[in-house]
Amino acid sequence: MSLQNSRHSDVLVIGGGVIGLACAYYLVRDGRSVRIIEQDTVGAGASHGNCGLLFVSDLPPLCVPGAIRHELIRTLRGTSPLTIKPHFDLSLALWLLRFAAHCHSRQRDHAIRARNSILRASATLFGTLFEDERLECDFERRGVLIAFTDPATMEGYQATNRLLAPFGLAARFHDRRSVRTLEPALSDRVCGGWYHPADSHLRPERLVHSWGQAVQQRGGMIEEDCSLQQFETRKDKVTAVITTRGRFTADRFVLAAGAWTPAMARQLGLRIPVQPGKGYSITMQRPAACPTRPCYLYERNMVVTPWKSGYRLGGTMEFSGFDDTLNPRRLANLETSAAIYLKTPVGRPVTEQWTGLRPMCVDDLPIIDRMPDRDNLYIATGHGMLGISTATGTGRLMADMVAGKRPSFDPAPFSIRRFARLG
């Protein structure tokens, strides 16, 4: 009986974002029958409106020494991209305290090594993926330019660059004059930049659409508008899920629902240290003076991404629970900030204003593991702002875990067991 006519599969993946798609893709390629259930449409969440960087050189985590003090100063100056909605939320308060406890050099160095391993593996796997599937997603390898308007901040980036050098990912410095030769779209207020040539970019909503088609063409099944309501369990195993489209059974289950993963896991008595981090983007036609490559506008913590098919401004980090309303002030700030760095910051017409929730893990490393005390339940979440960049590595690692194979990179840094309390 085909999977289309069956309610059972070898593996059921909960979540149809880029991480869920990646897990399903590599599981299908390994010969397993796979069903994805997605509460909305494939790629409708954080996978849709991000800036589409394959950011191999983004090794330092958010929790670095001095991060809390730095953001407090920027908040007082009104330049911080971070907003925390003033409301009582005990889980967020505890998450912030645990995040602060990770802001030390030992954790930073550990995270850099871990992120390097999964980002390197993902970059190689993306190359193979594009050869095998020919996905239509405006992929280009043009690096990422980090642009600065403050000379002192630009000089301070040397400390970060020194951390990248041992991994062969150090950036090339460009002064005020040479940075405009590299990127003529920059305004006169830009004092220089650091160029990372190893990075790439793509259009994420096109990636998830094409990748979803590839999963289906290889025999995977996708159930959209299919919300998880309840797990069925027996002893230490999950046996089925009850959804708005009925009951589905499987031999193994992969929980890859992004920011919604912790709420689902709590049904099983498990606590996942992930909070929803809200981001915004504006998509539009390419402006007259369009950048030739993605530009990270450093002081404003936002990204400008050009594609052949369009142009996007994106960034900010807002902790406001699962509020998915568009804040006009945050959207306007994206255009205002871009105007500082670019000659022509916006294009017309605007084709989309978007907000989405990123799954932010307390130590800024993803969780990719089999759940303790649940022999057939696996988890893939907490990818933060590296979901696209680490998708292929996550999917391949998950497929290897399910098969009991030795993975191509060390999975230990991404284990759920690094957190002391799960229940």
Side-chain angles (χ1 to χ4, degrees), residues 17-18 43 45-58 81 119 122-123 126 130 135-148 171 179 182-187 190 193-211 279-317 330-331 333-356 358 383-391:
V18 71
S47 302
H48 176 85
N50 65 79
C51 288
L53 301 187
L54 299 183
F55 213 168
V56 179
S57 61
D58 191 17
L119 285 165
S122 295
F126 264 116
F130 293 145
L135 303 182
E136 297 293 331
C137 58
D138 286 10
F139 173 76
E140 290 188 274
R141 185 175 286 111
R142 299 187 61 82
V144 171
L145 174 62
I146 304 181
F148 296 82
V179 78
L182 179 66
E183 184 46 76
L186 295 174
S187 75
V190 173
W194 293 86
Y195 173 57
H196 288 279
D199 301 312
S200 310
H201 67 287
L202 49 75
R203 188 153 184 170
E205 67 269 41
R206 294 192 173 189
L207 171 71
V208 291
H209 176 74
S210 296
W211 212 353
Y280 291 83
S281 71
I282 306 173
T283 307
M284 58 196 79
Q285 296 296 317
R286 289 164 61 95
C290 187
T292 59
R293 69 198 74 245
C295 296
Y296 179 59
L297 314 183
Y298 192 83
E299 289 89 354
R300 298 289 174 149
N301 280 94
M302 63 171 286
V303 175
V304 175
T305 306
W307 302 294
K308 294 175 182 178
S309 60
Y311 173 78
R312 180 170 291 167
L313 310 177
T316 78
M317 178 64 70
R330 301 288 274 176
L331 289 166
N333 189 56
L334 290 175
E335 295 194 14
T336 302
S337 296
I340 297 171
Y341 293 81
L342 300 171
K343 291 177 181 176
T344 311
V346 298
R348 294 290 183 258
V350 169
T351 56
E352 183 179 39
Q353 294 180 328
W354 174 89
T355 186
R358 316 176 187 101
H383 293 74
M385 292 180 286
L386 288 179
I388 296 288
S389 298
T390 58

Task: Heavy-atom pair of closest approach, residues A289 and T344 - done: CB-OG1, 3.4 Å
Open item on the list: When you compare the side chain of L119 with that of S122, does any pair of heavy atoms fall below 4.5 Å?
Closed with: no
Task: Residue pair W307 / C51: nearest heavy atoms and the distance that separates them - done: CZ2-O, 4.0 Å
TODO: Answer yes or no: is there a side-chain heavy-atom contact under 4.5 Å between S187 and I340?
DONE: no
Open item on the list: L182: which residues meet the side-chain contact (heavy atoms from CB on, under 4.5 Å) condition with it, sequence neighbours left out?
Closed with: L145, H174, Y195, R293
Task: Non-hydrogen side-chain atoms of Y341 and R300 separated by less than 4.5 Å - done: yes
Task: Side-chain heavy atoms of D138 within contact of R206, under 4.5 Å - done: yes
Task: Validation row: W194, F148 side chains within 4.5 angstrom (heavy atoms) - done: yes
Task: Student check: side-chain heavy atoms of I282 and L331 closer than 4.5 Å - done: yes
- [ ] Grab the two heavy atoms, one from P291 and one from L342, that are nearest each other, plus how far apart they are.
- [x] CG-CD2, 4.1 Å
Task: Counterpart residues, side-chain contact (heavy atoms from CB on, under 4.5 Å), relative to N50 (two or more places apart) - done: P204, I388
Task: Side-chain H-bond candidate by donor/acceptor type, S309 with R203, under 3.5 Å - done: yes
- [ ] Any chance you could measure Y280, atom OH, to W354, atom CH2, to the nearest 0.5 Å?
- [x] 10.5 Å
TODO: Would you check if M284 and P349 make a side-chain contact, meaning some heavy-atom pair closer than 4.5 Å?
DONE: no
Task: Exercise: do T292 and E183 side chains pair donor with acceptor under 3.5 Å - done: yes
Open item on the list: Using side-chain heavy atoms (C-beta onward) and a distance below 4.5 Å, is L202 in contact with E140?
Closed with: no
Task: From CZ (R358) to NE2 (H383), nearest 0.5 Å - done: 15.0 Å
TODO: Could you list the residues that satisfy salt bridge (Lys or Arg N to Asp or Glu O under 4.0 Å) with R312, not counting sequence neighbours?
DONE: E205
Open item on the list: Tell me whether T351 contacts the main-chain N or O of T283 through its side chain, where contact means a donor paired with an acceptor under 3.5 Å.
Closed with: yes
Task: Results of side-chain contact (heavy atoms from CB on, under 4.5 Å) for P184 - residues two or more places apart only - done: none
Task: Which atom of V56 lies closest to which atom of A123, heavy atoms considered - done: CG2-CB, 3.9 Å
Open item on the list: If you compare all heavy atoms of L186 against all heavy atoms of K343, which two are closest, and at what distance to 0.1 Å?
Closed with: O-CE, 3.3 Å
Open item on the list: My understanding is that only residues two or more places apart in sequence, or in another chain, count here; which of them pass side-chain contact (heavy atoms from CB on, under 4.5 Å) with V144?
Closed with: L53, F55, D199, P294, Y296
- [ ] Over all heavy atoms of both residues, which pair between R141 and S200 is shortest? Give the atoms and the distance, please.
- [x] CG-OG, 3.5 Å
Task: N/O donor-acceptor pair under 3.5 Å between S210 side chain and E136 backbone - done: yes
- [ ] Before giving the answer on side chain to side chain contact (heavy atoms under 4.5 Å, CB included), spell out for S389 and F126 the whole-Å C-alpha distance, their side-chain angles and the decisive distance to 0.1 Å.
- [x] CA-CA 9 Å; S389 298; F126 264 116; over 6 Å; no
Open item on the list: Using 0.5 Å steps for rounding, measure from the CE atom of M302 to the OG atom of S281.
Closed with: 10.0 Å
Task: Partner set under ring pair (Phe, Tyr, Trp, His ring centres under 6.0 Å) for Y311, not counting sequence neighbours - done: none
